[in-house]
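Data first, discussion second: the structure below is written as C-alpha cells.
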Amino acid sequence: MAVGLRIFAERTGDGAGQPILDADNGEVLMHTLPSVSIVLGNRAPESPGTLYISSKKVIWLSDVDRSRGYAVDFVSISLHAVSRDIEAYPSPCIYTQIETGDDEGDNEDEEDEEQQQTVDWSYGISEVKEMRLVPSDSSQLETLFEVFCECAELNPEPRQDEDTEEHNWIFSADQLNSENASNWTFSEDLVNSIGHSNGHHDLAHNVLQLHINDQCFEDAEEMDQEHDRDNNRQ
C-alpha cells in the first residue's frame with residue numbers, strides 16, 4: 001500500500017470516466033461528489049473535478065484531463081476536519097493532513113518548487129502534506145465529513161507487533177527499594193512467575209538459587225554468632 005498522495009489516472013468509461021477500484025480486495029465506492037476543487041499544499045486550486053471516496057482511499061479526478069488525478073489511502077490521512085475559517089482558507093472545505101513517510105523534502109526551496117510545477121504538474125506530489133477539498137456546494141461538507149469518518153474506521157492504523165517487544169527484567173537496587181516496587185506483583189512460585197513469563201528457565205533457576213544461597217548465608221551467620229557467645233561464656 002502506497003504512503004502519501006500519488007498520481008491516479010486509472011479510469012474506465014467514456015468522458016471523464018470513473019476510477020478503477022481494487023474490487024478483488026474488497027474495495028467499493030462509498031460516495032461520489034462532482035464539482036469539487038482540490039488544493040494541494042500551498043499550490044493554486046485546480047479546476048473542479050469529481051471526488052470519489054472508496055472504502056480504501058480518496059480519489060479526485062479532473063473532468064477535463066483524463067491523465068490528471070490524485071489518490072491517497074485513508075491509512076495515510078492523519079487528520080481530517082471541516083474548515084470554515086476564512087483566515088485559514090477563503091472557502092469552506094474538508095482539510096486533511098497526509099503522512100508522507102519522508103521528511104527530507106521539507107527544506108526544498110519554494111521558488112524552485114514553484115518553477116518546477118509550471119513544467120511538470122506532478123512534481124513533488126508524494127511530498128504534499130496538506131490537501132483541501134472544496135465543494136462548490138458547501139452544504140455537502142457535513143456529509144463528506146461523515147463519510148470520511150466512516151472510511152477512517154474501516155482503515156485503522158496498523159499496530160506494531162507486540163511480540164517483538166523485549167521484556168527488561170533487570171532492576172537496580174534503587175528501583176527495587178523505591179515506592180514504585182509496590183506496583184509490581186510477584187507470585188510465590190518463582191519458577192512459574194519469572195521463568196515462564198519471559199521464556200527463560202535459567203533465569204528462574206538463578207533467582208531460586210540466589211534465594212537458597214542467601215538463606216545459607218543467614219544460617220551460617222547465626223551459627224557464627226552462637227559460637228562467639230559460647231566462647232564468651234567460657
Side-chain angles (χ1 to χ4, degrees), residues 1-23 26-100 113-114 117-118 120-157:
M1 185 174 292
V3 177
L5 189 71
R6 62 186 184 275
I7 302 299
F8 188 95
E10 302 168 8
R11 310 190 190 201
T12 183
D14 298 329
Q18 291 189 343
I20 298 176
L21 304 180
D22 189 3
E27 185 179 16
V28 295
L29 188 63
M30 304 289 286
H31 190 74
T32 302
L33 185 63
S35 300
V36 178
S37 295
I38 189 170
V39 184
L40 305 178
N42 58 0
R43 304 184 181 196
E46 301 200 18
S47 57
T50 302
L51 180 66
Y52 299 90
I53 303 177
S54 78
S55 55
K56 300 288 187 181
K57 56 183 173 281
V58 177
I59 304 168
W60 181 90
L61 298 179
S62 170
D63 290 340
V64 295
D65 185 352
R66 285 181 66 99
S67 66
R68 199 164 183 130
Y70 310 99
V72 58
D73 295 316
F74 272 102
V75 293
S76 293
I77 299 177
S78 59
L79 180 148
H80 67 272
V82 174
S83 174
R84 299 182 185 274
D85 184 1
I86 60 175
E87 294 184 0
Y89 192 77
S91 302
C93 61
I94 294 289
Y95 170 78
T96 66
Q97 290 183 355
I98 300 173
E99 295 288 343
T100 64
E113 184 177 358
E114 290 177 0
Q117 288 174 20
T118 60
D120 181 7
W121 62 272
S122 64
Y123 175 79
I125 290 300
S126 62
E127 299 171 2
V128 171
K129 295 186 177 182
E130 293 182 321
M131 177 179 70
R132 290 180 172 85
L133 301 168
V134 188
S136 58
D137 182 3
S138 61
S139 66
Q140 296 295 318
L141 285 176
E142 297 300 331
T143 300
L144 282 179
F145 179 78
E146 292 176 0
V147 176
F148 263 73
C149 290
E150 180 181 357
C151 292
E153 292 179 357
L154 296 176
N155 297 271
E157 293 184 8

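Everything numeric here is computed off the predicted structure, so don't read it as measured data. The first residue in the sequence is number 1, and the count goes up from there.
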* To do: Answer whether the closest heavy-atom distance between the side chains of Cys149 and Glu146 falls below 4.5 Å.
  => no

* Asked: Considering only heavy atoms from C-beta outward, does the side chain of Val39 approach that of Tyr89 to under 4.5 Å?
  -> yes

* Does Pro92 offer a backbone N or O that forms a donor-acceptor pair with the side chain of Arg132 under 3.5 Å? -> no

* If we only count heavy atoms from C-beta on, is the Glu99 to Glu157 side-chain gap below 4.5 Å? -> no

* Structure fact -> Residues Arg66 and Asp14: closest non-hydrogen pair is NH1-C, 4.0 Å

* For Val75, does its backbone N or O pair with a side-chain atom of Asp73 as donor and acceptor, under 3.5 Å? -> no

* To do: Describe, in one word, how the ring planes of His80 and Phe148 are oriented to each other, choosing from parallel (under 30°), tilted (30 to 60°) and perpendicular (over 60°).
  => tilted

* Calculate, to the nearest 0.5 Å, the distance between atoms CG and CD1 belonging to Leu144 and Ile94 respectively. => 5.0 Å

* Structure fact -> d(Leu141 CG, Ser83 OG) to nearest 0.5 Å is 9.0 Å

* Asked: For the side chain of Ser55 and the backbone of Val28, is there at least one donor-acceptor N/O pair under 3.5 Å apart?
  -> yes

* **Arg84 with Glu142: basic N within carboxylate O range, under 4.0 Å** => yes

* Check: Thr100 side chain, Lys129 main-chain N or O, donor-acceptor pair, under 3.5 Å -> no

* **Contact check, side chains of Leu61 and Pro19, non-hydrogen atoms, under 4.5 Å** => yes

